[in-house]
Each structure stands twice: as structure tokens, then as C-alpha cells.
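Scroll down for the structure; my scribbles are underneath it.
In this text, all values refer to a predicted model and were calculated from it rather than measured experimentally.
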Amino acid sequence: ADRVRAILGEAGFAAIGVDALDRELVLGDDAADTLDFALDFGTAARLLVGADDATRARARSAIASAFAPFTSGGAVRLPGAAWLVTARRS
């Protein structure tokens, strides 16, 4: 946060605010939807380009296992964190 404030200050911004936002991220409509999304988009999808069916099946199983501890009420719920940064040009 201090580094962001310093960069914005050096760029001529004032009234700089950096607020932590810790929120639960609910992914997909259900665990199966989230798993499909993870395999079709993002890092996993890029890593599996050109993979054979057996490799894709192992990846699907591994990702499902990784999501299991975060599955509740039918959805995958991951802890999330971000910063909300605000500033005014001085």
C-alpha cells in the first residue's frame, strides 16, 4: 500500500486512499460449472492446449480435488482480496 501511495504521490495525485477489500468469491452456478470454466478459460485452459484426453481427465480430477475444500452450498467459494485505490489529480 505504501508503494502505491508513493507512486501516485510522485505522479501528482493527492487524497490517496488504499482500502483492503476481503471478500468471498463465489465461482460459477455450481461446482461442475466452476470446474468447466477452469478447464475452458484461463491458466488451466492454456496449459492443456493440445493435451490428450487422459491428461485432460487427470487435470479435471486434480482441479476438482483442489476445489473440494472450498465447495459449500453447491458453489465454489474462495477467499478473495483486493485493494480499492482512490486518488485525486492535484
Under 4.5 Å between side-chain heavy atoms, hopping through other hydrophobics if needed: is there a path connecting [X] to [Y]?
X     : Y     : result
Leu27 : Leu39 : yes
Ile7  : Ile16 : no
Ile63 : Val26 : no
Phe37 : Val76 : no

Report task. Verify, without hydrogens or angle tests, whether Arg23 (side chain) and Ala81 (backbone) share a donor-acceptor contact under 3.5 angstrom. Result ->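 Side chain of Arg23 to backbone of Ala81: no pair is present.
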Query raised in the report: Would a distance-only check, ignoring hydrogens and angles, find a side-chain to backbone donor-acceptor pair under 3.5 Å from Arg89 to Ala11?
Result: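 Side chain of Arg89 to backbone of Ala11, a donor-acceptor pair under 3.5 Å: yes, one is there.
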Query raised in the report: Salt bridge check: are Asp52 and Arg58 linked by an N-O gap of less than 4.0 Å?
Result: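 Between Arg58 and Asp52 there is no salt bridge, as every charged N stays at least 4.0 Å from the carboxylate O atoms.
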Query - Qualifying ring-ring contact (aromatic ring centres under 6.0 Å, His included) pairs with a residue from residues 68-90, counting only residues at least two apart or across chains - result: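 Passing the test, one end in residues 68-90: no pairs.
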Query - Non-hydrogen atoms of Ala14 and Ser90 that approach each other most closely - result: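 Nearest heavy atoms, Ala14 then Ser90: CB-CB, 4.0 Å.
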Report task. Looking only at non-hydrogen atoms, find the nearest pair between Gly28 and Asp33 and report the distance. Result ->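 Shortest heavy-atom contact: CA-OD2, 3.2 Å.
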Distance in Å, [X] [atom1] paired with [Y] [atom2], rounded so as to fall on 0.5 Å steps:
X     : Y     : atom1 : atom2 : result
Leu35 : Asp40 : CG    : CG    : 9.0 Å
Asp30 : Thr71 : CG    : OG1   : 9.5 Å
Ser61 : Arg56 : OG    : CZ    : 14.0 Å

Query raised in the report: So Thr34 and Arg77, side chain to side chain contact (heavy atoms under 4.5 Å, CB included) or not? Walk me through it.
Result: CA-CA 10 Å; Thr34 302; Arg77 302 168 186 278; over 6 Å; no
**Report entry** Pairing residues for Arg88 by the side chain to side chain contact (heavy atoms under 4.5 Å, CB included) criterion, not counting sequence neighbours
**Finding:**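 For Arg88 the side chain to side chain contact (heavy atoms under 4.5 Å, CB included) partners, ignoring immediate neighbours, are Ala15.
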Query raised in the report: Are Val18 and Asp2 side-chain neighbours, meaning at least one heavy-atom pair lies under 4.5 Å?
Result: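 No, every pair of side-chain atoms sits at 4.5 Å or beyond.
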